[in-house]
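Values below: every heavy atom of this structure, side chains too, minus hydrogens, waters and symmetry copies. Residue numbering restarts at 1 for every chain, and letters A, B, ... go by the order of the sequence lines.
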2 protein chains.
Amino acid sequence: MKVTMDDVAHKAGVSKTTVSHVINKSRAVSQEAVLRVNQAINELDYKVNTIARNLRSGNSHMIGFIVTNLTNYFYINVGAGLNAVLKPKGYRLFYVNSNEDAEIERQNIQDMVMHSTDGLIIAPTANNCSYMQDIIPDSLPTLFIDRKPVGFIRDTVLPTNSQGVYEAVDYLIKRGHTRIGFIGSRKNDTMNERHNGYLQALADNSLSHFPELDMIGEVPPAPMHDLLEGPLYRAMEQYLAACRPTALMIGNGLAAIGVFNYLKKHAYKIPEEIALVAFDDSFWYSTATPTISAVMQDPFEIGVQAGKILLKRLKKKTARYQDVRIPTKFIRRESC
Amino acid sequence: MKVTMDDVAHKAGVSKTTVSHVINKSRAVSQEAVLRVNQAINELDYKVNTIARNLRSGNSHMIGFIVTNLTNYFYINVGAGLNAVLKPKGYRLFYVNSNEDAEIERQNIQDMVMHSTDGLIIAPTANNCSYMQDIIPDSLPTLFIDRKPVGFIRDTVLPTNSQGVYEAVDYLIKRGHTRIGFIGSRKNDTMNERHNGYLQALADNSLSHFPELDMIGEVPPAPMHDLLEGPLYRAMEQYLAACRPTALMIGNGLAAIGVFNYLKKHAYKIPEEIALVAFDDSFWYSTATPTISAVMQDPFEIGVQAGKILLKRLKKKTARYQDVRIPTKFIRRESC
DNA sequence: CTGTTAGCGCTTTCAT
DNA sequence: ATGAAAGCGCTAACAG
């Protein structure tokens with residue numbers, strides 16, 4: 001039933017070795033042999049057994065892509081970018097969902113390691129990744145996106161967080177806003193960079209920073225639908241009363257959900273009463289009323305660069321770790 | 001560097017065989033041996049090589065999940081449901097994106113077959129799947145969701161398309177609508193079922209059906225952002241002028257994007273001038289103004305059922321093919 | 001340009 | 001309750 005290389009070799013009247021080399025183009029083979037091998041392959045409908053190949057050659061040609069939230073279009077587009085460079089080189093992407101859960105993330109990583117993936121691309125759930133020290137072998141090429149891991153140094157590909165926010169906040173200031181709030185759902189290095197961009201824009205425009213305009217908290221991760229009236233939604237009333245902002249810079253996409261929903265439900269006029277910009281573009285920003293301005297990341301490009309760097313590291317594991325930044329783009333829509 | 005079973009066996013003073021049986025609990029082993037093997041495993045930090053295991057045992061414990069569009073939250077949630085039943089049984093889900101492209105789909109399937117996946121779950125790009133006959137071995141457990149394949153009969157798990165639409169259209173009629181349009185972006189069996197639900201609701205309420213109220217066409221697949229002003233958007237003016245509907249039943253999520261965007265841009269009052277229901281729920285229905293009513297599928301449940309059926313078929317391949325239906329639920333929001 | 005041969009690391013008869 | 005040994009299907013020295 002199963003047709004193997006031996007069958008092909010036999011039918012073609014050559015050795016297994018030659019068959020292997022024909023398939024992999026791994027050494028010179030006579031025209032004639034190539035012809036007969038290919039013919040045999042077709043006639044027998046032979047397919048290589050990748051498992052055997054992987055066992056023998058010691059690599060799986062699989063790359064694990066471990067993501068906090070597969071529902072997020074951002075990661076899917078990073079994946080598309082990764083695929084664009086990895087697939088032509090014979091690597092397959094294995095999408096794995098951690099569902100914002102650090103324990104599942106740990107399990108997923110261990111799983112991938114057990115399955116002999118050749119490389120890992122991780123969007124970590126948490127800031128601190130030191131636990132990975134124990135479960136990811138030093139020899140396994142690993143790259144981080146979205147968050148710079150703490151306690152576990154590897155290649156990273158990230159957006160220009162602080163410049164992206166700077167550009168948006170600078171725009172708001174030029175439009176005359178002086179009380180601009182900064183809201184983020186989770187506190188981590190990435191959010192810090194974004195907040196720094198905000199601070200810098202204020203400083204460069206000689207505006208002082210009022211701490212009550214910041215609301216950066218630990219918001220428990222949740223599916224998008226649950227964020228509509230989640231913690232941030234519930235925190236808004238008090239926040240708005242306390243600091244009366246005329247514009248809001250929202251530091252991440254999930255935060256935007258609760259904030260926007262609160263403002264709509266309470267009939268705030270956007271942008272007249274409160275202007276809005278959110279970091280990270282989402283499809284729904286374009287269907288909302290008003291449409292929402294965004295600091296757009298370029299997830300496909302992030303994927304492409306990450307793929308290239310991983311490919312390099314797959315070749316030589318000793319190179320110095322890189323921290324590559326992908327530019328963001330400010331998209332003005334109706335909300336500011 | 002790599003620690004293998006031999007190392008463990010040696011350290012524990014038993015044979016490879018015993019180590020294997022301890023790990024897999026595949027035959028009785030003395031308490032003492034178990035203890036020593038486990039200890040050796042810990043001390044050496046041994047990890048089984050899944051590739052070798054797969055090669056020997058002939059199965060990969062991988063299930064390919066081949067999807068038209070990974071960006072769609074629907075498939076991701078089906079995946080979560082699949083995982084919920086497959087993971088505890090030791091199977092891993094391999095998400096693969098066909099990106100609405102039949103050629104990529106073909107390639108993905110061949111790829112999965114080559115990689116010796118134990119089973120396939122497919123959301124096909126097209127209605128006609130007869131080409132799969134040639135690339136999917138009869139012995140490979142395969143199940144379809146979302147669309148019933150034509151020309152390739154296998155297990156399927158689908159929503160109750162026609163009942164779901166019936167319920168929504170019946171509601172619209174009870175609210176007094178008599179000119180209800182039906183819009184769908186692609187013409188296939190699934191859309192036919194939905195359209196039949198619409199026709200049946202009209203018939204049961206003694207309303208006649210005007211063909212000009214139907215707009216079911218071949219709309220080229222595209223990323224969500226491109227659908228905002230895509231073909232359906234452009235077709236709306238003529239359609240509305242021709243049939244003057246007071247309510248719209250939109251047969252699929254992608255169609256809803258162009259239609260909603262058109263109505264908003266042209267300042268139609270929803271639901272006063274035109275009421276709206278869309279098949280398949282999306283996150284943005286809840287952030288839109290007005291919020292959009294939906295015939296909600298239960299993707300997680302679809303995944304769970306699909307997983308269970310696949311598991312059965314993995315055990316015995318000869319059972320009769322099943323066609324399981326998962327109930328939909330009508331969620332009324334502001335748009336009707 | 002081609003073939004022989006020795007495994008990759010594991011599971012699984014078959015024997016004891 | 002345990003072990004020896006065969007081999008899953010392929011690749012890559014090595015030898016010619």
Side-chain angles (χ1 to χ4, degrees), chain A residues 1-41 44-62 90 111 113-118 137 139, chain B residues 1-41 44-62 90 111 113-118 137 139:
Chain A
M1 178 219 138
K2 272 245 140 110
V3 23
T4 75
M5 252 184 179
D6 268 321
D7 302 323
V8 176
H10 202 243
K11 178 143 206 158
V14 297
S15 72
K16 259 195 323 191
T17 307
T18 298
V19 175
S20 170
H21 285 302
V22 169
I23 290 171
N24 301 307
K25 305 190 199 319
S26 38
R27 84 177 180 195
V29 176
S30 68
Q31 289 275 321
E32 196 197 10
V34 173
L35 222 69
R36 292 167 59 203
V37 167
N38 282 328
Q39 192 173 333
I41 287 177
L44 297 172
D45 193 29
Y46 166 77
K47 307 263 186 277
V48 293
N49 178 326
T50 5
I51 299 202
R53 171 188 289 183
N54 291 343
L55 175 60
R56 180 57 234 237
S57 60
N59 52 9
S60 63
H61 283 268
M62 284 184 185
D111 240 51
V113 172
M114 263 191 39
H115 278 262
S116 318
T117 41
D118 288 350
S139 59
Chain B
M1 177 220 141
K2 271 241 140 110
V3 25
T4 76
M5 252 183 179
D6 269 322
D7 302 323
V8 176
H10 202 243
K11 177 144 208 156
V14 296
S15 71
K16 258 194 326 191
T17 310
T18 298
V19 175
S20 170
H21 285 302
V22 168
I23 289 171
N24 301 307
K25 305 189 200 317
S26 40
R27 86 175 177 195
V29 176
S30 69
Q31 290 274 322
E32 196 198 9
V34 172
L35 221 70
R36 293 168 59 202
V37 167
N38 282 328
Q39 192 174 333
I41 287 177
L44 298 171
D45 193 30
Y46 166 76
K47 306 262 187 278
V48 292
N49 178 327
T50 3
I51 299 202
R53 171 187 288 182
N54 291 343
L55 175 59
R56 181 58 234 241
S57 60
N59 51 9
S60 63
H61 282 270
M62 284 185 184
D111 240 51
V113 172
M114 261 189 41
H115 278 263
S116 316
T117 41
D118 289 350
S139 58

Only distances under 3.5 Å count here; give the side-chain donor-acceptor pairs of residues 4-12 of chain A to other protein atoms, sequence neighbours excluded, each with its distance to 0.1 Å.
residue : atom : partner : partner atom : Å
A:Thr4  : OG1  : A:Asp6  : N            : 3.1
A:Asp7  : OD2  : A:Thr4  : N            : 2.8
A:Lys11 : NZ   : A:Glu43 : OE1          : 3.4

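With hydrogens and angles ignored, the 3.5 Å screen pairs no side-chain donor or acceptor of A:Asn59 with any backbone N or O of A:His61. Side-chain atoms of A:Ser20 do not come within 3.5 Å of backbone N or O of A:Lys16 as any donor-acceptor pair.
Annotation: proximity of residues 11-22 of chain B to DNA chain C (heavy atom, distance under 4.0 Å) is found for B:Lys16, B:Thr17, B:Ser20, B:His21, numbered in ascending order.
The phosphate of C:dC8 has neither OP1 nor OP2 within less than 4.0 Å of any side-chain N or O from B:Asn49.
You'll find a donor-acceptor pair under 3.5 Å spanning the side chain of A:Arg56 and the base of C:dG7, going by distance alone.
Using a 4.5 Å heavy-atom threshold, the side chains of A:Asn38 and A:Ile41 count as touching. Side-chain contact between B:Val14 and B:His21: absent, with no pair of heavy atoms (C-beta onward) separated by less than 4.5 Å.
Of the two residues contacting DNA chain D, namely A:Arg27 and A:Ile23, the nearest-nucleotide position lying further toward the 5' end is that of A:Ile23. Comparing B:Thr4 and A:Ser30 against DNA chain C, the residue whose closest nucleotide sits nearer the 5' end is A:Ser30.
The interatomic distance linking A:Arg36 (CZ) with C:dT2 (P) rounds to 10 Å, in whole Å. C:dG7 atom P lies 17 Å from atom CG of B:Leu55, rounded to whole Å.
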